[in-house]
Amino acid sequence: MVASNFDGVVERLRAALDEILKGDPAPSQDLFAKNDEVTLANPLGGVSRGWDNVAASIAKAAAIYRDGAVVSMENVATVVVGDLAYVVLIERFRVRVAGGADLDDVALRTTNIYRREGNEWLLVHRQADTRVGEQAPESAVQ
C-alpha cells in the first residue's frame with residue numbers, strides 16, 4: 001500500500017543522491033530526521049547513530065564523490081503503514097570515486113525507513129551496500 005502523501009519521497013531521494021555524487025552533502029542530510037535515534041549504515045562501512053554522526057558520515061561520503069549522476073533507481077518494495085514507511089531500492093549511478101580518473105558504475109542495495117513528522121517524511125534509517133547480486137555462501141563469513 002502506498003499512501004498518496006508519500007508520493008515524491010523517492011524522487012526527493014534521487015535528487016539528493018544526484019547532489020551527493022557531485023560532492024554536495026546538504027540535500028542528503030536534509031532527508032534525515034534530526035534526532036539521537038536516526039541511523040545510517042552506508043557502503044563505506046560502520047553504522048552512524050545520532051544526527052551529528054549521520055551528518056558527518058554523509059559529508060565524508062560526499063567528499064569522495066565527484067562528477068556523478070544517478071542512472072536508475074529500481075523500486076523493489078514500498079510499504080506505508082500509518083506514520084512509518086520503507087522503500088527498498090537498487091540504486092545505480094556513475095561517479096568518479098576518491099579522485100579516480102574514470103567514472104565508475106556503482107550499484108547499491110538500499111533500505112530506507114521513513115517516519116512522518118508533521119507533513120514531511122524523513123529518513124530514520126538508511127542502509128546501503130554493494131551486495132546487489134547473489135553472493136556465494138562463503139562470502140558471508142569474515
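Just so we're clear, the structure is a prediction, and the values are computed from it rather than from any experiment. Side chains included, hydrogens not; waters and symmetry mates left out as well; all remaining heavy atoms used.
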| said: Apply side-chain contact (heavy atoms from CB on, under 4.5 Å) to residues Trp121 and Val80 and explain how you reach the verdict. | reply: CA-CA 11 Å; Trp121 288 94; Val80 180; 3.9 Å; yes
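- Annotation: the span from Arg49 atom CZ to Ser57 atom OG amounts to 14.0 Å, rounded to 0.5 Å.
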| Chi angles and distances behind the salt bridge (Lys or Arg N to Asp or Glu O under 4.0 Å) call for Asp83, Arg115 | CA-CA 5 Å; Asp83 290 339; Arg115 182 175 57 220; over 6 Å; no
| field | Residues Tyr86, Asn112; criterion side-chain contact (heavy atoms from CB on, under 4.5 Å); working and verdict | value | CA-CA 5 Å; Tyr86 69 83; Asn112 303 279; over 6 Å; no
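- Rounding to the nearest 0.5 Å places CG of Asn42 at 12.0 Å from OG1 of Thr110.
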| task | With ring-ring contact (aromatic ring centres under 6.0 Å, His included) as the test, would you mind laying out the steps for Trp51 and Phe32 before giving the verdict? | result | CA-CA 8 Å; Trp51 165 242; Phe32 282 84; 7.1 Å; no
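- Tracing side-chain contacts under 4.5 Å through hydrophobic residues (I, L, V, M, F, W, Y), one never reaches Ile58 starting from Val47; they form parts of separate clusters.
- Leu84 is not connected to Leu122 by any chain of hydrophobic side-chain contacts under 4.5 Å among Ile, Leu, Val, Met, Phe, Trp and Tyr, and they are in different clusters.
- Looking at Gln135, its side chain does come within 3.5 Å of a backbone N or O of Gly133 through a donor-acceptor pair.
- For the residue pair Ser28 and Ala16, the shortest heavy atom distance occurs at OG-O, 3.4 Å.
- Taken together through direct or relayed side-chain contacts under 4.5 Å among Ile, Leu, Val, Met, Phe, Trp and Tyr, Val71 and Leu21 form parts of separate hydrophobic clusters.
- With hydrogens and angles ignored, the 3.5 Å screen pairs no side-chain donor or acceptor of Asp24 with any backbone N or O of Ile20.
- When the options Leu13, Leu108, Val87 are evaluated for a side-chain contact (heavy atoms from CB on, under 4.5 Å) with Met73, the one that passes is Leu13.
- Here the straight-line distance linking atom CZ of Arg126 with atom CG of Leu89 works out to 7.5 Å at 0.5 Å rounding.
- Contact detail for Lys22 and Gly68: the closest heavy-atom pair is NZ-O, 3.0 Å.
- Across Ala69 and Asp18, no two heavy atoms sit closer than the pair CA-OD1, 3.3 Å.
- Shortest non-hydrogen contact noted between Val95 and Arg66 is CG2-O, 3.4 Å.
- With contacts defined as side-chain heavy-atom distances shorter than 4.5 Å, the pair Thr39/Val54 does not qualify.
- The heavy-atom pair separating Pro43 from Thr130 by the smallest distance is CB-CG2, 4.5 Å.
- In this structure, the separation between CZ on Arg12 and CG on Leu123 is 8.5 Å, given to the nearest 0.5 Å.
- Applying the 6.0 Å contact sphere to NZ of Lys60 captures no more than 12 heavy atoms from other residues, nucleotides or ligands.
- Interatomic distance, Glu117 CD to Lys34 NZ, rounded to the nearest 0.5 Å: 8.5 Å.
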| field | Test log, rule salt bridge (Lys or Arg N to Asp or Glu O under 4.0 Å), inputs Arg109 and Glu74 | value | CA-CA 10 Å; Arg109 172 182 67 170; Glu74 176 189 338; over 6 Å; no
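- Residues Val10 and Val70 share a hydrophobic cluster, clusters being chains of Ile/Leu/Val/Met/Phe/Trp/Tyr side chains in contact below 4.5 Å.
- The shortest non-hydrogen separation linking Gly82 to Arg116 is O-NH2, 2.9 Å.
- Hydrophobic cluster membership is shared by Ile64 and Phe93, with clusters built from Ile, Leu, Val, Met, Phe, Trp and Tyr side chains linked at under 4.5 angstrom.
- With rounding to the nearest 0.5 Å, the separation of CG in Asp104 from CZ in Arg96 is 9.0 Å.
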